[in-house]
S.K.: 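Got a structure for you, written out below as structure tokens; questions coming shortly.
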Amino acid sequence: MAIDCLVLGAGQEVGKSCVVVTINGKRIMFDCGMHMAYNDHRQYPDFSRISKSCDFNNAIDCIVITHFHLDHIGALPYFTEICGYNGPIYMTYPTRALAPIMLEDYRKVLVDRRGEVEQFTSDHIAECMKKVIAVDLKQTVQVDKDLQIRAYYAGHVLGAAMFYAKVGDSAMVYTGDYNMTPDRHLGAARIDRLQLDLLITDFDFHGICLVFQFTFCKCYNSEIEYRNSLFIDYAAAVSDTVDYIIVSYLISLPCPEMEALAFGLRSTYATTVRDSKYAREREFLKAAASSVLHTAVASILSFVVIIVVHKCVAGGGKVLIPAFALGRAQELCILLDDYWERMNLRVPIYFSAGLTIQANMYYKMLISWTSQKVKETYNAFDFKNVHNFDRSLIDAPGPCVLFATPGMLTGGFSLEVFKHWAPSEMNLITLPGYCLAGTIGNKLMSGNPTIELEGTKIDVRCQIHQLAFSPHTDGKGIMDLVKFLSPQHVILVHGEKPKMATLKERIQSELGIKCCDPANNESVCIPSTHYVKAGASDAFIRSCLNPNFQFLKSGSEEKSVSGSKCTEGTLPLWIKDERVAEGILVLEKSEKAKVVHQDELLLMLGEKRHEVQFAYCCPVNVDELEKFTTTSLTPTARMLRDPNKSSLIRLLVAKLSRKLSEGNIQDFGEHLQVESFHLSVCLKDTCPYRITNGLEDKPRTAFFCCTWSAADDKLARKIISAMENRDLVET
Amino acid sequence: MKFTCLCQGGGFNFPPCHILNVSGFHVLFDCPLDLSALTVFSPLPNDFYKAICKENSDSQNRQKVEKPLDANDLIFAEPWYKTVNNLHLWNVSFIDVVLISSPMGMLGLPFLTRMEGFSAKIYITEAAARIGQLMMEELICMNMEYRQFYGAEESSGPQWMKWEELELLPSALRKIALGEDGSELGGGCPCIAHVKDCISKVQTLRFGEEACYNGILIIKAFSSGLDIGACNWIISGAKGNIAYISGSNFASGHAMDFDYRAIQGSDLILYSDLSSLDSTEDIDQSSFSDDNNNWEELMNSLSNYDESVEEMEKLAFICSCAIDSVKAGGSVLIPINRVGVFLQLLEQIAIFMECSSLKIPIYIISSVAEELLAYTNTIPEWLCKQRQEKLFSGDPLFAHVKLIKEKKIHVFPAVHSPKLLMNWQEPCIVFSPHWSLRLGPTIHLLRRWSGDHNSLLVLENEVDAELAVLPFKPISMKVLQCSFLSGKKLQKVQPLLKILQPKLVLFPEEWRTHVSFSDVTSFSVSHYSENETIHIPSLKESAELEIAADIASKFQWRMLKQKKLNITRLKGRLFVNHGKHQLLPENEPGGSSQTRPFLHWGSPDPENLLAELSKMGINGSVERCMTDAESEDGFTVKVQDPEKSMIEVRAAVTVISAADKNLASRIVKAMENILEGI
Ligand SMILES: [Zn+2]
Ligand SMILES: [Zn+2]
């Protein structure tokens, strides 16, 4: 049994996630993303590798989409409408609701604004969506008789899910992008402890989920910044009240340090602050921080954004927030709207036409998929300060905040507004963490003061703020998940090879789990679990479930657990409950294999058990025995006159317990027992088991009749050797 | 396995209640309240003075003479709530699991969870739990009015509970209050703390989510279509699957449809959809034989949309009656009953008003309405296909969101809300609790409009209208009674069961005459009746065991020729996990890889034994032993060569006595060659 894993996209790269997995004959495509940096054939996964004849309906049993980001769903309409895949597609309810908006928005950007040839039409998107089956979290979906899938909450964006898939006894999880710590308006990823053969996890999801995610900060500006980011990570990991900790921590810092933390990543905000400004800044930040503290979804990120935005509008500036239709716009908007309420700000917040307020309707209906905090606030997404933007307002006087599409200033309305607002120092542009090379956003990030647009030069004098995250949470998050799930194998995708190498190494060395990071179009085959199925009889199950306690003498090798000394009288009793199940598997022609208890087997066969035992009447020299027991318990003379059985046994027990390392010798007075080995004093004149000749006449010889079953032969022979004093020779 | 029907219930608001004993666990299905019994209590008097008068006079008025009931026969006290009586015969601490199928099935829970010793795990779907909680809170809120009016209860229990008082009740009321056999009537209203405590013991589930109880039972809920969040259950264990089918609806206009495909292939079906009996229609029995196995036909007969069309027509009828009333200047009072129907009616009435260009306000007066309305717009996962499409196209799931925004619907927590008084306009259409006409704003409005022949009261058929309106008589208001589906129609029962392909079906005894299974051979049927325990045969004779490949690869098969069996010894650690038995390799592998058999059978023959021995270079002679009476078949082999030893063979045991362990083990080999063993 094996799981076959063909990586069609995001193999040792970032973008166009697409992995085709074959488990026990069932084939699932996880994600169907596009690469936004390419305009040629490289933007889509190479679907021809799935089926040479392009008969995708027979080649694939179902498609599973983790979330609505284009690098996870962008190629789906192409695959269904152009390539002709008609089978089932599974995604969560929010993804089903929001994906068409994403796709449509992207299509518009490409066609209407960049003048490119469209790869799929609006109708294609609509038709594609009709094939989708929406699923709920944790709902076990039976795709067909053998294939089962289940979605788990992944955080990241609204509706993002990790997917579990099981065929027969083999099971796997494909994560897509996820957050291991609660963040902004979403909760942290939640998954059950599952028995998995394979975990396919995205590596670089925080850094570059192409559209909205926030990049790594490649290097720290200062030692302090590094320490602070460590602190935040620590706080985020240990506490739910992280926001409180962060804000109070920030406030407690001397201002320059605080700014280094809050704005230092790539802000044009001054790194040196004049003394006169110092106190004012501090007051402002304090007020803002306490207000942020009370917003529903405060976090370090929201803190930074809100304060940067507030500072700008307070100074009369205009704020442009380029964003795609869904996701970041709604996230930031919840924060700003709430903050505006609390600070009683009257500066208008606008949504551009592409970012319809309609989208908020979706978020309202899907509120159960957001974080607990948002759920508890009655009317999140019911924005009071948000209005639709009109083109005529671009040059209107006074401050405002505008969310406009597209996200990376690739063209369209956000670029148009940018042209008007960039030359003023008062204004602010808040960029997403990641901007593709070649886009205006990217140029701004690299600190370009002049941008050339269609022949005209734009003198960028406005502030540029880029959203960022601290880097090392990612590796930790993945490690946490891998550790929690403890799969047999891990496959890393959606990351650049050199970056993944360290993590791969750690997973293998620290967790002892096999890990690989295949390149695009590479195929990996990993072995998978298989169980042999059999019916088990009640008697068998019962015999297994009965406690099988073994009371062990506490030997000298056991270390005192709590450090308290054990006195002679209170030797702890060590109890072991090893429930080793023993039974017999019976295979009858044309019948299902059955596991039975051994008694049942005999019943089935109509046979009676025939026991094979050993017996031996063992001669022991009493002198020897007494010599061995240095402190004689009874006078020899008396013992011979009155051959007291129990005193003989006691002597023997004393001897054996010194010589035997194994077995639990039980003294029953009249006889002794070690496992099945049974010994009693033999007073018969002619015992049938007394097969050694010539000892009867020897004086001072006692006989012990021993029986044991074949299973304990080894032990029995050792005991007899000890009794006959042959053990010294043998060992 | 055992099954006991505790109560067959009565319609939508009083679902059945059963107890199942499976794998050693007691599973309780639903814990409803019989709220129809509220009708024995008098609604709160209009004003205090009237009540004082009554207090003094009613004892004398009551006589043991049967006359037509009038309002004075009712009990003037804070109401008690009727729980499932047979449930009290069980020790609550024996209940391990409670499965709640609908918000209505949840209302009795606080009565159960507040009992000492209750420790069961409660499973409810997320939506049913939320709606059920709102219903409970509303009930408590309405009951509060009584408590404030009558004051706190005496410690000895209410006055009316005393036997002499109960004896005086007219027989019709006594029957409702005490049941057929005259046993007790539930208990006093729980408080908010009880509800909170009850909810804290609940584990909520989504449709299709697996909950694992004690590692042994896997419990899953699937939509029943009856109401939002209402569900059927599947309990699976190593010994098969059990499906519990509650009232189910194939095509709902609000809740997700009855997901019958999910319960396909269950071994046992506990059929508890009892509500359709009321709408008994004679069925053409001939169409249900095993010959009729055309799958498509069966499927079609189940999922035709006649039912939803019918339901929509009923709604339309209510709406048109309501419109007629308001046009004539009367007001309309619609007690809120089913959540789904309530939401649909809101939409429909708004459409009807739009069409007839009426501008009549719609009021919703309920302490929990605001929360309920907001909640129902955030649960696309629990709703029917058409509603989910609304999500996908970005429209609100229910129209009330828009209607409230447009101020066509007004929501108020209580009749005395100041905003309501400012807003109040008549004629109007009011939705408010409670359908029993004994609690909540309904009472006040009914008193206000009962004399107006243009006004309209909409009741469900399940409510005994005659008794319900008794305290409001004389009544000139129109009363419209309607019925909605509370379960499958009878004619769908057989095709459904045929599709589900169970091995065994437990069916209510009452239905024996209505649904005949005489022609069905593909599954067997047992009938159950109230308060009678049925023993259910084991569904599978053996539990499924999964053996790890590591163990399987080490099997040493032994062929038993005469029986045509292959057998092998099996050793490992048994895990009971997530409803499955798994045999995994031992912790210390290779420690004691016992290769020699230790179970033997067969009867050794002396000639064979000697032959085997001599093959190994052991020679001896056979001595029949005659002395022992019981070892008649026995014999002894005395070995001289290579060393003196002895083999004593009897019917069930062979004893080998040899000083040398090598010789001993060679003799054992020889024995094993002539015995069978493993
Ligand atoms: Zn993403
Ligand atoms: Zn002896």
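All chains are named by letter (A, B, ...) in the order of the sequence lines, taking the proteins before the strands, and each is independently numbered beginning at 1.
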S.K.: Top residue by heavy-atom pair count (under 4.5 Å) with chain B, among A:Lys608, A:Glu611, A:Met365, A:Lys594?
M.R.: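 If we count pairs closer than 4.5 Å to chain B, A:Met365 comes out on top.
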S.K.: Is chain A contacted by the side chain of B:Asp660, its backbone, both, or neither, given a heavy-atom distance below 4.5 Å?
M.R.: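 Answer is backbone: N, CA, C or O of B:Asp660 sit under 4.5 Å from chain A.
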S.K.: Got a donor-acceptor contact below 3.5 angstrom from the B:Ser657 side chain to the A:Ala615 backbone?
M.R.: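 It does hold such a pair.
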S.K.: Which atoms of B:Pro604 come close to chain A, meaning under 4.5 Å heavy atom to heavy atom: side chain ones, backbone ones, both, or neither?
M.R.: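 Looking at B:Pro604, just its side chain touches chain A.
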S.K.: Donor-acceptor pair, B:Gln501 side chain versus B:Gly265 backbone, under 3.5 Å?
M.R.: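 Not a single qualifying donor-acceptor pair exists.
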S.K.: Please classify the contact of A:Gln142 with chain B as side chain, backbone, both or neither, using a heavy-atom distance under 4.5 Å.
M.R.: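 No part of it gets close to chain B.
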S.K.: Is the B:Phe398 ring parallel, tilted or perpendicular to the B:His400 ring (thresholds 30°, 60°)?
M.R.: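 Parallel.
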S.K.: Under 4.5 Å between any side-chain heavy atoms of B:Met256 and B:Gln388, yes or no?
M.R.: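 In short, these two side chains touch, coming nearer than 4.5 Å.
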S.K.: Please determine if A:Glu675 and A:Lys714 form a salt bridge, counting it only when a charged side-chain N lies under 4.0 Å from a carboxylate O.
M.R.: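 Salt bridge: no.
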S.K.: Among B:Val653, B:Val401, B:Ile647, B:Ile567, who wins on heavy-atom pairs under 4.5 Å with chain A?
M.R.: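 The residue among B:Val653, B:Val401, B:Ile647, B:Ile567 with the greatest pair count is B:Val653.
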S.K.: Give the ring-plane orientation class for A:Tyr152 versus A:Tyr164, where under 30° counts as parallel, over 60° as perpendicular and anything between as tilted.
M.R.: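 Plane angle over 60°, so perpendicular.
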S.K.: If I measure from the heavy atoms of chain B, does A:Leu601 come under 4.5 Å with its side chain, its backbone, both, or neither?
M.R.: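 For A:Leu601, the contact with chain B is made by the side chain alone.
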S.K.: Under 4.5 Å, counting heavy-atom pairs only, tell me which of B:Gln582, B:Met671, B:Lys220 racks up the most with chain A.
M.R.: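 Winner by heavy-atom pair count: B:Gln582.
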S.K.: Only counting residues at least two apart or in another chain, list the ones meeting ring pair (Phe, Tyr, Trp, His ring centres under 6.0 Å) with A:His530.
M.R.: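 So A:His530 forms no ring pair (Phe, Tyr, Trp, His ring centres under 6.0 Å) with any residue.
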S.K.: Based on non-hydrogen pairs under 4.5 Å, which of B:Leu205, B:Leu545, B:Ile667 is most in contact with chain A?
M.R.: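 Highest number of heavy-atom pairs under 4.5 Å: B:Leu545.
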S.K.: Among A:Ala536, A:Ala134, A:Pro100, A:Ala716, who wins on heavy-atom pairs under 4.5 Å with chain B?
M.R.: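 Looking at each option in turn, the highest pair count goes to A:Ala536.
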S.K.: Under a 4.5 Å heavy-atom cut-off, does chain A meet the side chain of B:Leu583, its backbone, both or neither?
M.R.: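 Only the side chain of B:Leu583 comes within 4.5 Å of chain A.
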S.K.: With a 4.5 angstrom heavy-atom cut-off, which part of B:Lys580 approaches chain A: side chain, backbone, both or neither?
M.R.: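 Side chain only.
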S.K.: Counting only non-hydrogen atoms closer than 4.5 Å, does B:Leu391 touch chain A with its backbone (N, CA, C, O), its side chain (CB onward), both, or neither?
M.R.: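 B:Leu391 touches chain A through backbone and side-chain heavy atoms alike.
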S.K.: Top residue by heavy-atom pair count (under 4.5 Å) with chain B, among A:Ile584, A:Val586, A:Asp136, A:Thr707?
M.R.: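 Winner by heavy-atom pair count: A:Asp136.
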S.K.: Chain A: which of B:Ser645, B:Ala552, B:Ala548 shares the most heavy-atom pairs with it under 4.5 Å?
M.R.: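 Among B:Ser645, B:Ala552, B:Ala548, the one with the most close pairs to chain A is B:Ala548.
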S.K.: Taking the side chain as everything from C-beta on, heavy atoms only, tell me whether B:Tyr123 gets closer than 4.5 Å to B:Gln203.
M.R.: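 The answer is yes; the side chains approach within 4.5 Å.
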S.K.: Counting only non-hydrogen atoms closer than 4.5 Å, does A:Asp169 touch chain B with its backbone (N, CA, C, O), its side chain (CB onward), both, or neither?
M.R.: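 The side chain, not the backbone.
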S.K.: Is B:Glu648 in contact with chain A via its backbone, its side chain, both, or neither, using a 4.5 Å heavy-atom distance?
M.R.: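 Side chain of B:Glu648 only, per the 4.5 Å heavy-atom cut-off to chain A.
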S.K.: Under 4.5 Å from any heavy atom of chain B, what part of A:Leu585 do you find: side chain, backbone, both or neither?
M.R.: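 The answer is both parts of A:Leu585.
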S.K.: Measuring only between side-chain heavy atoms, which start at C-beta, is B:Phe555 closer than 4.5 Å to B:Asn566?
M.R.: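 Side-chain contact under 4.5 Å: no.
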S.K.: If you round to the nearest 0.5 Å, how far is CG of B:Asp605 from CZ of B:Phe635?
M.R.: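 Going from CZ on B:Phe635 over to CG on B:Asp605, the span is 7.0 Å.
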S.K.: Check whether any side-chain heavy atom of B:Glu381 sits under 4.5 Å from a side-chain heavy atom of B:Phe207, and report yes or no.
M.R.: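 With C-beta onward as the side chain, the pair stays apart.
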